[in-house]
Amino acid sequence: MILEIRAVPPFHKNGFVVGCERTRQAVVIDPGDEIDDVLAVIRRLDVHVVSILLTHAHIDHITGVAAAKEALGAPVHLHRDDLPLYEHVVEQGAMFGVAVQPQPPVDVFYDTAPLCFGDYEVRVHHTPGHCPGGVCLRVGRKGEPGAHLFVGDTLFAGSIGRTDLPGGDYDVLMRSITEVILLLGDEATVHPGHGADTTVGRERRTNPFLLEYLAMRRTKPS
Ligand SMILES: [Zn+2]
Ligand SMILES: [Zn+2]
């Protein structure tokens, strides 16, 4: 599998190019302010991008969608529950004090069917809590359990997503992490929307927010 990651200030949000080494088909995940670097990677790798995939619609994850769609001509995919956020990207920018252009319309809402690029497929797991339409994009070879999880801002190495933005919900987030992501295999690599990669197993064993939540759940009388 081809995997390239780029991030730039001010948000240091990871933008990903994930490709099939045999067919040169690829997807772009969360094009943001680093889109020029991502497009340079795509040209250097000589891959053909078939889909633009969004983990969620917070501003830092979508500011490069217009440039990506114009350069690549690929459809934009989002979870339906994040459409209000997506359509209010200009207002999101105002909240953070940055000027943002509206982005092009979403082409496809995720459903249960896997998305394919070359010999690989993407399975979409709804993981709300950081925002209503957050997803975990699980990537692997066709027919195999995917071992690469693109989790957006749901889970980070040693931390969890914030839940204080509109539509955020701590209990929902913790259920998404413990009842969806933690079940996808300790060996799976987690690619968060910000910062370094980690694994499901490492977060299960060492993430202080998960340890506290799981301990609290064990001791809570039911
Ligand atoms: Zn976010
Ligand atoms: Zn983010």
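Note that ligands are numbered from 1 as they come in the structure, with each ligand's atoms numbered from 1 the same way.
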Partner set under ring-ring contact (aromatic ring centres under 6.0 Å, His included) for Phe150, not counting sequence neighbours: Phe16, His191
Shortest-distance N/O/S atom, His194 versus the Zn ion (ligand 2): NE2
pair Asp186-Thr199: side-chain heavy atoms closer than 4.5 Å: no
Electrostatic pair Arg123:Glu144 at N-O distance under 4.0 angstrom: no
Under-2.8 Å protein N/O/S neighbours of the Zn ion (ligand 1), ordered by chain then residue number: His56 NE2, His58 ND1, His130 NE2, Asp153 OD2
Atom CD of Glu21 with >12 non-hydrogen neighbours under 6.0 angstrom: yes
Ring geometry between Tyr170 and Tyr213 (parallel below 30°, tilted from 30 to 60°, perpendicular above 60°): perpendicular
Exam field: side chain Arg24 to backbone Leu45, donor-acceptor pair closer than 3.5 Å: yes
